[in-house]
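Here is the structure we will look at, set down as structure tokens.
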Amino acid sequence: MTPPRVPVRRSRRRLVQLAVVALLSTFAVPVLSASPASASGPLRTHAAARGKFIGFAAATSPLANEAAYRTIAQTEFNQITAENVMKWDTTESSDNNWNFSGADQIVNFAVANNQQVHGHTLVWHSQTPGWVQGLGATAMRTAMQDHIATLVGRYANNASVVSWDVVNEVFDENGGFRSSFWYNTLGQSFIADAFRYARAADPDARLCINDYNVEGINAKSTAMYNLVQSLRAQNVPVDCVGFQGHLATQYGFPSDLQQNMQRFAALGVQVRVTELDVRIVMPRSTAKDTTQATYYSNVVNACMAVTACAGVTIWGFTDKYSWVPDTFPSEGAALLYDANYQQKPAYTAVHNALDNGTSDTQAPSTPSSLAASGITSSSVNLSWTASTDNVGVAGYDILRAPGTSGGSFAQVGTSTTASFSNTGLSANTSYRYQVRARDAAGNVSAVSNTVTVTTTGGGTGDTQAPSTPGNLAASGTTSSSTNLSWTASTDDVGVTGYDILRAPGTSGGSFAQVGTSTTASFSNTGLSANTSYRYQVRARDAAGNVSAVSNTVTVTTTGGGTGGGCSVTATVQTQWNGGYVMQPITVTNTGTSAISSWTVTFTLPPGHTLVGQWNGVITTSGQTATAKNAAYNGSLAPGASTTFGFQVARPSGDNSTASGFTCATP
Ligand code: XIL
């Protein structure tokens with residue numbers, strides 16, 4: 001599915017823009033505000049930690065004149081592309097009349113700030129002077145060779161200038177060659193020639209082909225794929241494919257971006273996002289900001305997930321200087337910072353996608369007030385005060401040591417809530433417990449206080465069972481829970497607790513224990529919506545004597561709630577000897593209320609390994625794969641669907657694919 005896209009419109013407005021920049025820069029420079037709490041460390045630190053670059057397109061005027069612009073440029077980014085000043089109309093406005101002032105300014109800034117430069121762009125139909133456009137074939141090829149040799153050659157020994165867009169936008173929207181003056185005069189050979197001239201000018205530079213509307217899999221990107229494959233087969237030095245990434249929230253996100261990157265990577269080229277911006281129809285709103293932020297994280301996540309993706313360049317960083325409002329009337333606000341250099345949700349989205357919890361070193365607070373209750377001859381209920389954490393507590397480890405002293409603590413369970421029931425204990429035996437908290441990044445808190453528990457004695461000669469609990473009743477039933485209460489039992493040596501039993505439906509099935517309680521009430525959670533259950537309770541004493549069961553109460557949960565179900569359908573999109581892509585894998589909320597997360601499990605045949613995934617988070621254990629929703633596609637209204645996909649490598653000659661897809665919430 002390819003969302004409707006409008007062609008990116010070009011205008012030659014550089015002079016106008018420079019005039020506007022000059023005017024704006026005469027006003028006071030806004031003070032750069034402190035980062036929001038969510039932003040720990042600049043973007044470039046997190047990108048570098050993951051082996052990627054995060055870059056921006058630099059405009060030379062604010063880079064020279066505005067401290068706020070410069071500060072962000074050097075602090076947040078480790079890669080720069082010149083927005084205009086390396087283009088032909090700036091560098092060689094008439095034959096052999098060179099102007100490197102802007103290009104040098106940007107390269108010098110990058111060198112000073114330990115940033116890499118991507119040269120943009122050598123051969124393009126736009127922003128190229130008339131004197132080139134009017135040449136005949138031989139003279140045009142010579143002019144191209146000369147331009148590339150001089151411009152690339154100038155920076156060939158500069159370690160900061162590492163890559164070039166050699167040809168830019170050579171395709172039309174249908175995947176044909178653009179009818180540019182280059183193509184019309186030289187035919188498609190100008191493309192291979194340009195790459196060969198660039199390689200000769202700098203054998204070490206990474207040479208890219210760059211275009212827009214090639215982010216998803218479509219006619220244009222497939223034409224690009226075919227061209228790159230054929231050029232490389234002829235030893236034309238194409239090293240890299242640039243996806244410009246001029247996105248707009250009103251046209252939808254190219255959800256197969258990661259898959260598209262992956263197929264180019266399989267050709268042996270590096271991929272990169274070269275000109276990312278996400279424009280909105282003005283004015284801004286909270287909802288549009290949020291959608292925009294999601295697009296930014298989707299792009300960064302896709303690049304992070306594809307090993308061959310070198311990084312992401314954003315086409316500017318502040319809405320104060322963006323080509324969008326001048327090019328797309330009534331659209332704008334496409335970048336990470338607003339016109340006053342304040343970070344927008346898009347900044348946080350890029351930051352968090354780059355960070356991915358890896359830079360979080362803050363452990364959760366220590367769980368406290370660990371206490372035991374409901375001690376029987378074989379079980380104990382533990383509860384504690386929950387921990388807090390900057391990125392959220394993922395769960396707790398429950399540790400136990402034997403006896404009242406000595407021995408060592410070993411983990412006996414985990415819990416995602418601040419309580420845990422430990423069963424299977426021996427009668428008349430002491431144990432010590434501690435808990436500790438973990439966050440998503442794996443940081444672990446200190447251990448809580450220790451609580452010592454001694455189980456009750458079993459079989460002490462008492463044979464008198466407690467009286468039967470009476471008047472079992474249910475109240476407060478929701479779509480996923482019900483509260484039970486009953487009249488307490490009595491016992492000659494004291495009631496130690498109650499077993500809560502449940503059977504499915506309104507009749508039939510059998511009763512199984514679903515919990516215990518030391519009081520005459522119990523809340524049963526995790527039920528399905530619109531479903532009937534029967535309950536009974538029975539009492540126990542310290543000697544293990546068990547009463548008869550109480551009356552039966554039948555409960556039917558309400559519709560809706562978090563119990564909304566889901567279904568999954570999986571499609572093999574493409575396969576080859578050695579691998580396959582499954583996409584779309586469609587998850588649908590089949591329930592009557594919204595769900596906020598989903599989990600799809602499936603089986604990979606032996607020898608199959610996951611090599612790429614998008615729009616979900618897939619983990620494997622043996623042959624079982626578990627796909628959980630990505631941060632942005634867990635919430636589904638009733639009836640709504642989302643998709644994810646993955647790529648698998650399999651042994652040659654094996655035609656099988658992943659199977660046994662089931663969906664569950666959460
Ligand atoms: C744009 C610049 O941002 C503008 O300042 C200029 O007026 C026109 O070009 N694709 C490209 C970029 O490869 O070079 C373009 O940059 C945006 C579209």
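Every heavy atom of this structure was used, including side-chain atoms; hydrogens, water molecules and symmetry mates were not. As the structure lists them, so they are numbered: ligands from 1, and atoms in each ligand from 1.
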Looking only at atom types and distance, does a side-chain atom of Lys52 sit under 3.5 Å from a main-chain N or O of Val312, one as donor and one as acceptor? no

Proximity to ligand 1 by part of Asn84, non-hydrogen separation under 4.0 Å: side chain

When you check the gap from the basic side-chain N to the acidic O, do Arg199 and Asp239 get nearer than 4.0 Å? yes

May I ask you to test the Tyr155-Phe100 pair for a side-chain heavy-atom distance under 4.5 Å? yes

Any N/O pair Glu83/ligand 1 closer than 3.5 Å: yes

Near Asn184 CG, under 6.0 Å, is it more than 12 heavy atoms from other residues, nucleotides or ligands? yes

Counting heavy atoms under 4.0 Å, the part of Thr121 that contacts ligand 1 is neither

For atom 13 (O) of ligand 1, tell me which residue out of Lys87, His246, Met86, Glu275 has the closest non-hydrogen atom. Glu275

When only distance counts, is Trp124 in polar contact with ligand 1, meaning an N/O pair under 3.5 Å? no

Looking only at heavy atoms, is any part of Trp315 under 4.0 Å from ligand 1, and if so is it the side chain, the backbone, or both, or is it neither? side chain

Testing the 3.5 Å rule here: is there a donor-acceptor pair between the side chains of Tyr197 and Asp146? no

